[in-house]
Amino acid sequence: MFRLNQARRPVLFAVTTSVMSGLVLAGITQALRTGLSAGATVIWFAVAAGGVALLCLAVIGTISLVRKPPSRAFLVTSAFSQKYYVASFVQRVQSALDQDGVDLVIKVPDRDYDAGAQAHHLRRILSRKQDFLGGIIFAGEIHRLHDDLSMFCRESHLPVVFTDVEPFDTESEYPANSAYIGYDTGELGALAGKWLVAHLRGRTRPHVLIIASREHSDRQRRCAQAIHDALPTAVVTVDDGCGFVRSRAYDAVCAHVRQLAATEHLDAVFCTNDEMALGVVDALALPSPATTDTVVIGVDGVLEARALIETGRSRLRATVVQDSHRLAVSVVDLLAKMHRGQPVPKRTILNAELFSATR
């Protein structure tokens with residue numbers, strides 16, 4: 001039932017009551033002038049009041065149909081637990097969007113790199129797509145999530161910026177309302193490989209352990225390729241079961257060192273993110289003749305890793321930097337351009353930098 005609420009709609013209340021009061025006075029005046037009967041006056045007033053009520057309902061309906069432009073953006077991550085690089089990126093994205101008056105809605109999977117959890121979040125966003133101006137996706141398990149990402153872009157009609165890992169193999173596969181900006185994950189591994197080659201050159205049969213994850217597999221592949229191309233006699237062992245987790249990297253290095261023969265030596269460890277590199281540094285603190293001068297290089301450039309490198313006393317000697325501040329600003333700028341309907345490139349690759357004690 002329609003009711004005027006002075007507290008919720010003060011302007012509408014004032015206008016309606018003023019109009020109805022005027023109609024009452026006009027009706028009484030007209031009745032006195034023309035000598036209308038009391039019954040006719042009541043009928044005339046009822047018709048007029050009904051018309052006003054219908055007008056008010058129409059105004060209310062029109063107001064309810066006019067929605068404010070959405071002022072929220074979504075960010076769907078593939079991982080978050082103990083992922084300091086992701087947390088730093090999210091914080092910087094939130095800050096950049098907040099400057100434009102846009103609130104950030106973050107969707108975090110219950111378990112890192114769970115394609116099912118990410119697909120669930122995409123469906124939830126799709127059911128409320130009118131609330132968002134667009135969003136950002138850190139996609140994981142691309143081989144499983146490929147179709148879900150394509151469907152989400154097609155059905156949401158929202159601008160979508162992918163980052164961290166490319167979800168599609170070619171530009172032609174990207175839906176019209178999507179784009180990618182970020183670092184080439186394979187190039188990050190290649191840069192680490194070049195640094196290791198420079199460090200190991202001159203050694204007869206250098207032994208390198210790569211601590212990795214099944215996500216971003218191009219990092220370990222390109223690093224191993226760079227080492228083998230320049231140092232054909234190098235022994236490269238890859239452990240890709242560490243899932244970007246510090247404790248797993250710690251355990252993996254301890255297990256690897258225990259398996260080495262008495263005469264074998266571990267020259268270097270490449271970790272495909274800094275979290276694992278920090279775990280490896282802890283493991284190398286355990287005394288062993290096989291690791292007396294083992295060096296470590298990571299990826300991401302998180303503050304803790306760079307602080308250790310700068311001391312010049314840590315086993316961690318270098319990291320390939322993915323600048324989270326630069327990436328966040330670039331992602332938000334790209335999203336804003338897409339929201340305004342400006343043309344943008346489908347793929348934008350940022351250049352990574354090497355941070356080392358001897359840079």
Side-chain angles (χ1 to χ4, degrees), residues 85 183-213 216-240 242 244 246 249-250 252-254 256-257 259-261 263-323 351-359:
Y85 177 77
Y183 294 90
D184 183 324
T185 191
E187 184 62 23
L188 300 177
L191 283 173
K194 292 176 183 177
W195 183 89
L196 286 167
V197 167
H199 178 78
L200 299 171
R201 195 177 295 279
R203 304 193 186 192
T204 305
R205 196 167 181 264
H207 183 169
V208 179
L209 173 63
I210 297 180
I211 298 295
S213 171
H216 301 296
S217 59
D218 274 354
R219 292 184 190 179
Q220 54 261 35
R221 181 183 63 80
R222 292 281 299 277
C223 179
Q225 179 182 331
I227 295 171
H228 283 308
D229 288 348
L231 305 172
T233 61
V235 176
V236 179
T237 305
V238 179
D239 185 336
D240 66 357
C242 297
F244 294 139
R246 186 185 298 206
Y250 178 97
V253 168
C254 290
H256 185 80
V257 171
Q259 293 172 2
L260 294 176
T263 58
E264 289 184 297
H265 187 270
L266 179 61
D267 294 283
V269 182
F270 167 51
C271 300
T272 55
N273 86 334
D274 282 341
E275 286 303 309
M276 294 191 296
L278 293 169
V280 169
V281 168
D282 292 339
L284 293 176
L286 301 175
S288 169
T291 61
T292 52
D293 60 353
T294 306
V295 299
V296 182
I297 178 173
V299 171
D300 283 340
V302 301
L303 290 177
E304 186 179 355
R306 286 189 289 177
L308 276 179
I309 292 168
E310 285 183 325
T311 67
R313 300 187 300 272
S314 172
R315 300 296 189 95
L316 184 58
R317 300 292 179 81
T319 181
V320 182
V321 179
Q322 297 187 93
D323 189 333
N351 293 323
E353 298 179 353
L354 189 72
F355 184 93
S356 68
T358 57
R359 66 188 188 286

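Here the closest heavy-atom approach between residue Ser356 and residue Ile309 is recorded as C-CG2, 3.7 Å. Closest approach of Val197 and Ala226 over heavy atoms only: CG2-O, 3.7 Å. What you find for Met276 and Ala249 is that their closest heavy atoms are O-CB, 3.4 Å. Among all heavy-atom pairs drawn from Arg222 and Glu187, the shortest one is NH2-OE1, 3.1 Å.
Interatomic distance, CG of Asp267 versus OG1 of Thr292, reported as 9.0 Å (0.5 Å rounding). One finds the CG atom of Asp240 at 13.5 Å from the CZ atom of Arg221 (value rounded to the nearest 0.5 Å). Put simply, CZ on Arg317 and CG on Leu196 are 12.0 Å apart, with the number rounded to the nearest 0.5 Å. Distance check, rounded to the nearest 0.5 Å: CG of Leu260 to OG1 of Thr237 gives 8.5 Å. To the nearest 0.5 Å, atoms CG (Leu209) and SG (Cys271) are separated by 7.5 Å. Note that CD of Glu310 is 9.5 Å distant from CG of Leu303, once rounded to the nearest 0.5 Å.
Counting only heavy atoms from C-beta outward, the side chains of Cys223 and Leu188 never approach each other to under 4.5 Å. With contacts defined as side-chain heavy-atom distances shorter than 4.5 Å, the pair Phe270/Val320 does not qualify. You'll find the side chain of Tyr85 stays beyond 4.5 Å of the side chain of Asn273, heavy atoms only. Residues Leu308 and Arg315 are not in side-chain contact: their nearest non-hydrogen atoms beyond the backbone lie 4.5 Å or more apart.
Of the possible donor and acceptor atoms, one in the side chain of Gln220 sits under 3.5 Å from a partner among the backbone N and O of Ser213. Between the side chain of Thr319 and the backbone N or O of Gly301, at least one donor-acceptor pair lies under 3.5 Å. Within the 3.5 Å criterion, the main-chain N or O of Val302 finds a donor-acceptor partner in the side chain of Asp274. A donor-acceptor contact shorter than 3.5 Å is absent between the side chain of Tyr183 and the backbone of Val321. Judged by distance alone, with hydrogens and angles left aside, the side-chain atoms of Arg219 form no donor-acceptor pair with the main-chain N or O of Val299 at under 3.5 Å.
For the pairing with His207, the side-chain hydrogen bond (donor to acceptor under 3.5 Å, both in side chains) check across Glu264, His265, His256 returns one residue only, His256. With Ile211 as the partner, the side-chain contact (heavy atoms from CB on, under 4.5 Å) test is satisfied by one option alone out of Val269, Thr272, Val296: Val269.
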Set out, in order, the CA-CA distance, both residues' side-chain angles and the distance that settles side-chain contact (heavy atoms from CB on, under 4.5 Å) for Trp195 and Val295, then state yes or no.
CA-CA 11 Å; Trp195 183 89; Val295 299; 4.2 Å; yes
Leu354/Ile297 under side-chain contact (heavy atoms from CB on, under 4.5 Å): CA gap, chis, key distance, verdict:
CA-CA 10 Å; Leu354 189 72; Ile297 178 173; 4.1 Å; yes
Would Leu278 and Leu316 count as a side-chain contact (heavy atoms from CB on, under 4.5 Å) here? Give the steps.
CA-CA 8 Å; Leu278 293 169; Leu316 184 58; 4.2 Å; yes
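The local environment of CZ in Arg205 is sparse, with at most 12 non-hydrogen atoms from other residues, nucleotides or ligands closer than 6.0 Å.
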